[in-house]
Engineer: 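Submitted below is the structure of interest, expressed as C-alpha cells.
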Amino acid sequence: MENNLENFTLGFLDLVEIYENGKGTNYSEKYFGAILITDHNSVPLEFRCTHPIRPSIVQKQLYGNMLLPYISTNLCGLPLLNSLNLKPSILIVQKEGFLDVRENSDIPLVYLKTSGEILDIQTSSDDSSNFFSEFLDRKLEKLKPLKLYTKNKFKDDIKVNIDYLKDIFIKFDPLEPFERIRKAIDMISTQDERFK
Amino acid sequence: MSRVSFLNILKSSIFKRINYLFIKSFFSMKQKSIFLIDKKAIIINLPQLFSLKLYSPFKEDISENLCISSPEIYTFSLNGDLKVEKVTDNLLDYFLQAPSIYYFDVNLEKPLKKGRLYTEEKTNEDQKKQRLFNYKEQFERCIHGTIKNWCSICKEKKLEEETQKQLKLKQFNIFDLIFPILQPPLGDNFDNQIVIPEGKSLYNFQIFGVKFLVENNRALLGDEMGLGKSIQAIMALRLLYRQAILKYGLIICPKSVLIDWEKKLKEWAPELRTLTVHGHKNLRKIYWNSPAHIHLATYDTIRIDLTDLYDKNISDKNSKINNYDFTILDEIQRIKNPNTETTKTIKRIDTQIRWGLSGTPLENKTEELIAIFSYLIPGFLKYEDANRQTYIKEKIKPHFLRRRLKDAMPDLPEKIQEDIWLDLNENQRNTYEITEREGVIKLTELGDKITAQNIISLINQLKQICNIDPNSSESCKFEYLYEKLDEIIEHDAKALVFSQFPNVTLKLIEPKLQRFNPLFFDGSLSETKRDEYVEKFQNDNKNKIMLMSVKAGSQGITLTRANFVYHFDHWWNPATSEQAEGRAHRIGQSKPVLAFHLYTTDTIEERIYDLLEKKKHIFKYIIDDLSDTESIKKILTFEELLGLFNLKKPDKYSYH
C-alpha cells in the first residue's frame, strides 16, 4: 500500500466565482473552472484553469438552475480533465455542479462536505437517498469530521479508495486546497490580461 | 421531463424559427442567436423566465421598416402543471414603450484553458552544458569566410542567441507566479516536513526570527553573522507568498553576496521565481520589465537602473517607485549616509513591507540606526534624538531583533558549515575563459597520450584563477572575505583562511589584509616560527586573521581563538577541509565554529561540486590520508574527469 500511496494523486476541481463590481445590485460575475493536481502531501503537480466565463443576464435566465452544473461539468470540468498531463487518482469536488463530471469520466469522484453540512443537491434529479456516503472522523487529529459522497452507482469510488483517503486526509485538510485555488484565480484574474 | 432536455427542446425550437424567419441582411445575426425585446424586461425579477416566445413575422412582412411592437414573453413553471402566464402586457406598460432590439448567444461558449505542469521544472542544466567548451566548434568555419569563433559577426549573433536563451529560461508566466499560492500552507512552526526543503532545517531561534519578520512589516533583523539572517528572511517571504499577501518584491544586497542570495533563494524557496538583475544594460532592462516574484539586485544596480528606468517618463525626480510589495535590504547599513545617490534612490522605493538585515552591531550606533529607520519607518526616529541612546533603543525595540552567537548556543551545533557562491569578476572571468579554452585545446591535442595528471593540472590552474586572477588581481572571493572581516572584527572574533595554493592565492591577498595584521602560516615555517605564530594568534588581539596552507595547518595546532573559518578552495578529499577546521573546532573553543566554503559559479569549481554532490556516498570509503590525486582516482572515473571539460575518452588511455 505504501508504494501505491506514494503514487496516489488528487485532483481538486472547482468553480470560482468572481464578482466584478463587488457583490451587490450592480454586479456581474465571471466563472473560472480550475483544477489542481497534488501528490498525497498536497504538493502541487499541475494546475489548469479556464478563461473567464461570463454568462449574460439572458443566458442566466435561460439556463436557470442548470447554469452552474452546465458551466461546471460541460464547460469546465470535462474540458479541464481532458487537458491534464497527469490524470489524478481521484477527483475531489466541493460543489455539486461537478457531480455529473463522473458520468463522462473514468476518474473516481468524491463530493466532499464537512460533516454536519446538509447535502443540498438541487440541480440533479437525484435525491440524497441516491448517494453513498462515508464518514471520516478526524477527532484524533483535531480536524473537522468529513463526509464523502458519491452517486450510488459510483459507490466504488469511495469504497476502493477510502483507505488512501483516510491516510491522506489526516495529514491535511482536503478543503484547504480549494482556498489555494481561489487565491490563485484571484491573482490570475487581476494580473493577467487574458483572464481579466 | 428533465430540465436539461427542456432546455434543449426550447433552444432547438427557437433556433429553427429564428433561422427560418429572419434574414441575415436585416441584422448581422449569428447563428444560434435569438432576438430579445429590451434588456430591461429581463432584469425584472421574474420568478421563472424560461422561455421567450418571439414575434414571428411572415417572410413578406420583413422589410427595413419593420418594427417589432408586440413582443410576447411567457414564463413557465416546471413543476408539472405547465402553468403559462403571459406577462407581455405588464412588461409593455412599464418597460417596453420604446423597445430596442438586440441579439445574443444562447450558448455559453467553451472557454480557453491554460495551465502548467509543475513537475517539469526549468533547470539550468542546459545552460551549464552550453557553457562547456566545445573543441569542434572552436575551429568551425563560418559563412563570412573565417573561423566562427574569431568572426565578430558570428560572435555577436551567438551572444544575442545566448541572451535570448537565458531570457527564455528565466522568463516566467502567470502560472509560475501563482506557484507559491498553490503550495501547501507552511503552518506557524514549520513542523510539517514537506514545507522545509529536503535536507534543511530551521533552529528554534530562526523560527522565532521568521515570526518576528512576518509580524512586522517594518523590521530590522540584526543577528550576528552566521545565524542565517537571509534564510530567516526567505522563509518569512515564503510564508507571505503562500498566503498571497506578497506578489512582487525586491531584494537589494552587496555585489559580493548577489549569487549567494540567488542560490539560497533557489534552495530555500524553490517555488519563488527570482530574477537576478545583472549583465549588460539592455539585458538588465529586460529583467526589470519581466515578471518575477523577486527581483534581486545590487545596491549599484539599483542606483543606476531605477533612476534610468523610472525617470524617463517622470518629470518629478523624487516621485515614488511603488510597483513592489516588499523590499529587503541586506547589509542595510549601506544606506546610513542619507546624502548618497544609492540612499536617495532606495528611499524612493515605496513598499508596504520593508525589512533590513545587518550583522553589524548597530545598537550603539544611534546615528546609523536613525538613518536606517528613516527608510524602514520614515519619521520614526529623529536626528535630534541621536544622543538619547536609551530612548532610541527603547523605541526601536518592537522593530529590532538581534541575537548573538552565544545567545543561540543552546540551539546551535558546535560547528556550522555554509557554502557561499560567488560570481567571478569581469577580468577574472576573461582570464578564466581564455585559460580554460587554451587548456582544453592542449588536452585535445594530446590525443591518446592524455593522462589524469594533465587534466588535474588544468583544474588546478583554473581553481587558482577562481581564487584570484593573476593578471588583474581581481578576486570575488577576496572581496567577499574583506567585507566579512570588518564584521568579524566588530564582534571581537578572529578568522582562519585556508587555501591549497598558499603561494599563488594567500600570498597575493596578504598585502591587502594588512590592517588586520595577518599571520602567514605555511609549510616553509620553522618549528619555532610556527609556535610563535600560534601563540600570537591565540593571545595577541592585534592579529585578527591567519592565512594558512591547508596541508600545513591541518594537523596538530590549536587556534581556538578563531571561530570563523574560510575555505578559499577545496581538495577532492573533503576530510582535508574538516581537518583544517579542527584547528578552531577543538577543546578550548567556547563559541560555535562557522566554516564558510567559497565557490564560484559557472566554473570548474561548480562542475566539480555538482559531480561530488552526486557521489557523496563514496566519501565515507575514502581513506583520510590519501593524497589529493589519489583521492580523485577513488572518487571519479577517467570519463568523469574528462567530462568536466566536455572531452571524450581516447581509444587508448592510462588512468594510473
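Order of the sequence lines sets the chain letters (A, B, ...), proteins ahead of strands, with each chain counted from 1.
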Engineer: Pick one of side chain, backbone, both or neither for L36(A), based on which atoms fall under 4.5 Å of a heavy atom in chain B.
Structural biologist: side chain
Engineer: May I ask you to check whether over 12 heavy atoms, not counting those of K87(A), lie within 6.0 Å of atom NZ?
Structural biologist: yes
Engineer: Mind listing the closest non-hydrogen atom pair of L80(A) and K113(B) along with its distance?
Structural biologist: N-CD, 3.9 Å
Engineer: Can you tell me how far the CD1 atom of I178(B) sits from the CG atom of D186(A), to the nearest 0.5 Å?
Structural biologist: 11.5 Å
Engineer: Between E46(A) and R116(B), is the side chain to side chain contact (heavy atoms under 4.5 Å, CB included) condition met? List the steps.
Structural biologist: CA-CA 6 Å; E46(A) 186 171 356; R116(B) 241 205 94 175; over 6 Å; no
Engineer: Which heavy atom of Y118(B) sits nearest to which heavy atom of P44(A), and what is that distance?
Structural biologist: CB-O, 4.2 Å
Engineer: Please examine the side chains of P184(B) and V43(A), heavy atoms only from C-beta on, and report whether any two atoms are closer than 4.5 Å.
Structural biologist: yes
Engineer: Tell me, side chain or backbone of L84(A) under 4.5 Å from chain B's heavy atoms, or both, or neither?
Structural biologist: neither
Engineer: So what's closer than 4.5 Å to chain B heavy atoms on F47(A): side chain, backbone, both or neither?
Structural biologist: both
Engineer: Are the side chains of R48(A) and K114(B) in touch, meaning some heavy atoms are under 4.5 Å apart?
Structural biologist: no
Engineer: Which heavy atom of P111(B) sits nearest to which heavy atom of T50(A), and what is that distance?
Structural biologist: CG-CB, 3.6 Å
Engineer: How many angstroms lie between CD1 in I188(A) and CD1 in I174(B), if you round to the nearest 0.5 Å?
Structural biologist: 6.0 Å
Engineer: Between P185(B) and F172(A), is there a side-chain heavy-atom distance shorter than 4.5 Å?
Structural biologist: no
Engineer: Identify the heavy atoms of K183(A) and R242(B) that sit nearest to each other, and give their distance.
Structural biologist: NZ-O, 4.4 Å
Engineer: State, to 0.1 Å, how close R180(A) and L182(B) come at their nearest heavy-atom pair, and which atoms those are.
Structural biologist: NH1-O, 2.7 Å
Engineer: Once rounded to the nearest 0.5 Å, what's the spacing between atom CG of L112(B) and atom SG of C49(A)?
Structural biologist: 10.5 Å
Engineer: Using non-hydrogen atoms only, which part of I53(A) is less than 4.5 Å away from chain B: side chain, backbone, both, or neither?
Structural biologist: side chain
Engineer: Of the backbone (N, CA, C, O) and the side chain (C-beta and beyond), which part of F32(A) lies under 4.5 Å from a heavy atom of chain B, both, or neither?
Structural biologist: neither
Engineer: With a 4.5 angstrom heavy-atom cut-off, is it the side chain or the backbone of I71(A) that approaches chain B, or both, or neither?
Structural biologist: side chain
Engineer: Tell me the closest heavy-atom pair linking K110(B) and N74(A), and the distance in Å.
Structural biologist: CE-O, 3.6 Å
Engineer: Please lay out, stage by stage, how Y248(B) and Q191(A) fare under the test side chain to side chain contact (heavy atoms under 4.5 Å, CB included).
Structural biologist: CA-CA 11 Å; Y248(B) 307 111; Q191(A) 307 285 317; 2.8 Å; yes
